[in-house]
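First up is the structure itself, then whatever we jot down about it.
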There are 2 protein chains.
Amino acid sequence: MQFRPIHTRRAFEEICERIREQLALGVLKPGDKLPAERDLAQRLGVSRNVLREALRSLEMAGVLRLQKGVKGGAFIREGDTSRMNDVMRDMLSLGTISVRELSEARVHVLDLVVRLACANARAVDLDALEANVERTELATREGRLLDRLECSREFYKLLAAATGNKVIAMIMDSVTEIHMRFVYAKVASSGVAMARLAEKRRRFVAALRERNVSSATRLMRTHLESVQRMLEQDPGAMSLQVALAEVQPGIRR
Amino acid sequence: MQFRPIHTRRAFEEICERIREQLALGVLKPGDKLPAERDLAQRLGVSRNVLREALRSLEMAGVLRLQKGVKGGAFIREGDTSRMNDVMRDMLSLGTISVRELSEARVHVLDLVVRLACANARAVDLDALEANVERTELATREGRLLDRLECSREFYKLLAAATGNKVIAMIMDSVTEIHMRFVYAKVASSGVAMARLAEKRRRFVAALRERNVSSATRLMRTHLESVQRMLEQDPGAMSLQVALAEVQPGIRR
DNA sequence: TCCATTGAATGGGTGATCCATTTAATAATT
DNA sequence: AATTATTAAATGGATCACCCATTCAATGGA
């Protein structure tokens, strides 16, 4: 016989739960506004401070957006797919997952993403990818390394979107975000950069357009391997701390 | 020229960020205790209420664990891999992702997981899976359907763990959790149950043990298909609301 | 030695109060 | 009449001063 620990429910948990319940039941929908803090607190029979703790938590969870001023209030947000990135970052900071595990997962997820994108990419997705490659090429010619990096970030987002599955895309983004930080730190510190990036991208997108799964997956795999080699190149292994410590999770916009 | 919206930083955000920074830098580690609320608030130059908003958010994010009483305080947790589940649930509640996308993602992720488990499962993992199949068989014989469901949940967790990659495992769990809710709702309401489950599991684990990737993936795929058929079977499509509205995200333990 | 009591430290929670921002209504100006 | 200041109200942001319930080490009595 085993006893599970008693969980003393606290007011703010109850509140979060009720609001999430309304959400799950469809009573509350994105765009809806909750009653004003003073009002809602009274209705729930709790102090305004406690209610605010709950609202804060929901805001951090990406469920609410709080806006000041008359006509302001707590609004239900469209789901913020970037919350998963924050979870990943916290797990890494806490040492629950390792960089190795994350890199490995990224390789596998990317393989899946490429196969799905091959199968499902629409014309607009492919066009967007090609436009991205153009920008990458331009940034390369003009020596704007950091801009090119931004292009890379965007490239993977576009590729994720091309799968046509937002869950897969979300997962992909979460395993890519940290990786891009490492690349960024590397580029910013050593000025080293991937050779013939735009060219490789162009061939990859062409393979996608031909729905050539084996070619696309092979191109991506070899690219990932060369990036990995670049990252592991000499000047002092990029530290986890450097990559993580910059911008932290929070509320965007 | 474009202007990005100014983001008025609020005190609690600053606090969350500072603490996460300490975490990323390794100054704070799991098990460490933050100063008492009254003390920390004074040191940060904010009111205790605001500090509490920040601590709450970090608690909900799975970073902290708050404990009452003398010798209590805010402790840095081991990473809580279940936070990703909550994100997934919120995205679903908010309509950002659909059940269809989640199911599809699950099929693909499971395929990956099976392949990785085939490659990496250690003896202990396989033993745990076999023990789980035993329990499943027993529960089936004794007609304990809900217990058998609990076995299923555990089965997928063990399978995820067998990949040897906690990132993959976390992803797998997050796409499985909601799915299990649907199955649960189905079983609880209609009493219908998957036929020959234990037997199928037994054959699957045997394939894993033989490192027979094609056999294992095939067995899993056909099983998923039959589960899908069962879920779509008559009595009123399981509603998203029913599946989601029960227990909500929160702090465990 | 053991058990009950006590008290201090901690998080949980309240209520009153003020500030800064935002917006709409109103007044003043051109 | 149109435009521009001004004002006032509502909202979230933040502070302060309390009080309560829980926990646990220290104390003291049986």
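Here is how names work: the chains are called A, B, and so on, in the same order as the sequence lines, proteins then strands, and each is numbered from 1. Worth knowing before you read on, the calculation uses all heavy atoms, side chains too, and leaves out hydrogens, waters and symmetry mates.
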Inset, instruction - For nucleotides 9-19 of chain D, just jot down a letter per nucleotide in 5' to 3' order: B, S or -, based on protein non-hydrogen atoms under 4.0 Å. - result: -BBBBBBB-BB
Legend entry - Taking every non-hydrogen atom, the tightest pair across A74(A) and L64(A): CB-CD1, 4.3 Å
Inset, instruction - Starting at atom CD of E13(A), determine the distance to atom C1' of dG11(C), rounded to an integer number of angstrom. - result: 13 Å
Legend entry - Donor-acceptor contact below 3.5 Å, side chain S82(A) vs main chain N85(A): no
Legend entry - Cationic N near anionic O, under 4.0 Å, R135(A) to E154(A): yes
Inset, instruction - Give the rounded distance in Å between these two atoms: CZ of F75(B) and P of dT10(C). - result: 11 Å
Legend entry - Lys/Arg N to Asp/Glu carboxylate O, R20(B) vs E17(B), below 4.0 Å: no
Legend entry - E104(B)/R100(B) salt bridge by N-O under 4.0 Å criterion: yes
